[in-house]
Amino acid sequence: MTHIRVNPASMTAYGQQATEIFGQMHSELENLVSMAVEVQYFGPNAVDFKTKCGQLAQNFAQNLHKDMAAMAEAVRVSVSNIQGSLGGATVAIQVDGKAVEAPAVASVDYVDVDTGALEALGPAVGTKFTMLEGQLDEHLSRLTSTDWEGNAKQQAVSSVSNFTTTAKGRCAEAREQLTTYINDQVEAVTAADK
């Protein structure tokens with residue numbers, strides 16, 4: 001025998017919290033892409049570096065958006081099934097579907113590198129990924145703590161947990177790619193100035 005319970009107020013609050021968390025994540029993704037492209041580093045090699053950094057960050061953002069949308073859909077389907085059978089309120093989670101675009105990279109005729117800014121880019125990018133991972137965990141925690149019982153909740157939590165694990169794996173992979181690429185560029189720039 002299964003006890004089914006859905007508290008509409010709890011689900012509405014969760015929907016608002018999830019929308020807020022995903023909105024914050026969208027902003028963090030925009031910041032991540034911008035910071036990779038706008039670092040004070042100019043010249044022919046800088047254009048290639050910034051273009052690749054921007055593309056890596058942009059690809060990661062697109063994949064993370066898909067994960068966020070899948071999480072929202074998993075919860076919506078589970079709650080909608082209960083609503084269709086037993087009545088009650090649906091949960092509305094908004095995920096900003098707008099693509100995160102890398103800003104245009106400025107091409108200049110001179111070389112200008114702030115090595116401090118370039119060196120600080122790696123740790124700053126790492127901090128963004130840590131924040132994103134924390135927001136993914138927070139979202140899962142908010143879902144788990146809803147006043148909702150039954151098999152549908154277990155299914156939703158299981159699905160969102162799997163998507164969260166996948167998204168955090170994407171974070172780790174993208175963090176490694178970006179920080180390695182940035183660190184390699186820092187070494188190349190500093191070695192050239194000896």
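Please read all numbers here as calculations on a predicted model, not as lab measurements.
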Could you report the tightest heavy-atom contact between [X] and [Y], atom names first, then the distance?
{"X": "E30", "Y": "V100", "value": "CA-CG1, 3.8 Å"}
{"X": "G122", "Y": "T179", "value": "O-CG2, 3.8 Å"}
{"X": "A74", "Y": "A156", "value": "O-CB, 4.4 Å"}
{"X": "V6", "Y": "P8", "value": "O-CD, 3.2 Å"}
{"X": "G126", "Y": "R175", "value": "O-NH1, 3.1 Å"}
{"X": "C171", "Y": "E133", "value": "CB-OE2, 3.4 Å"}

Kindly work out whether a path of hydrophobic side-chain contacts (I/L/V/M/F/W/Y, heavy atoms less than 4.5 Å apart) joins [X] to [Y].
{"X": "V47", "Y": "V33", "value": "no"}
{"X": "M35", "Y": "M131", "value": "no"}
{"X": "L121", "Y": "F42", "value": "no"}
{"X": "V108", "Y": "L118", "value": "no"}
{"X": "V186", "Y": "V113", "value": "yes"}

Chi angles and distances behind the side chain to side chain contact (heavy atoms under 4.5 Å, CB included) call for T166, N162
CA-CA 6 Å; T166 298; N162 289 337; 5.5 Å; no

[X] side chain near [Y] side chain, heavy-atom distance below 4.5 Å:
{"X": "I93", "Y": "Q16", "value": "no"}
{"X": "V77", "Y": "S159", "value": "no"}
{"X": "E149", "Y": "K153", "value": "no"}
{"X": "M25", "Y": "E20", "value": "no"}
{"X": "E73", "Y": "V95", "value": "no"}
{"X": "K128", "Y": "L29", "value": "no"}
{"X": "V37", "Y": "C53", "value": "no"}
{"X": "M11", "Y": "T146", "value": "yes"}

Between Q55 and N59, a side-chain donor and acceptor under 3.5 Å
yes

List the steps and the verdict of side chain to side chain contact (heavy atoms under 4.5 Å, CB included) for F22 and Q135.
CA-CA 8 Å; F22 289 153; Q135 289 163 326; over 6 Å; no

Determine, for F163 and K168, whether the Lys NZ or Arg CZ falls below 6.0 Å from the six-membered ring centre while staying within 45 degrees of the axis.
no

How long is the gap from [atom1] on [X] to [atom2] on [Y], to the nearest 0.5 Å?
{"X": "T190", "Y": "Q185", "atom1": "OG1", "atom2": "CD", "answer": "10.0 Å"}
{"X": "L132", "Y": "Q24", "atom1": "CG", "atom2": "CD", "answer": "10.5 Å"}
{"X": "Q58", "Y": "T51", "atom1": "CD", "atom2": "OG1", "answer": "11.0 Å"}
{"X": "L140", "Y": "T164", "atom1": "CG", "atom2": "OG1", "answer": "4.5 Å"}
{"X": "S161", "Y": "L136", "atom1": "OG", "atom2": "CG", "answer": "11.0 Å"}

Does CG belonging to D109 count more than 12 external heavy atoms closer than 6.0 Å?
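Not buried by this count: 12 neighbours or fewer within 6.0 Å.
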
Under 30°, 30 to 60°, or over 60°: which ring-plane class applies to F49 and Y181, parallel, tilted or perpendicular?
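Rings of F49 and Y181: parallel, as their planes differ by under 30°.
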
Is the Y14 to H139 ring centre distance short of 6.0 Å?
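Yes: the rings meet the under 6.0 Å criterion.
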
Could you walk me through whether L32 and F129 pass side chain to side chain contact (heavy atoms under 4.5 Å, CB included), step by step?
CA-CA 9 Å; L32 174 66; F129 282 107; 3.8 Å; yes

Is there a side chain to side chain contact (heavy atoms under 4.5 Å, CB included) between L178 and F60? Walk through the geometry before answering.
CA-CA 10 Å; L178 268 168; F60 165 71; over 6 Å; no

Could you go through the side chain to side chain donor-acceptor pair (under 3.5 Å) check for E119 and T115 one step at a time?
CA-CA 6 Å; E119 288 168 352; T115 56; 4.8 Å; no

Return the set of residues passing side chain to side chain contact (heavy atoms under 4.5 Å, CB included) with S34 (not counting sequence neighbours), or none when no residue passes.
E38, P103

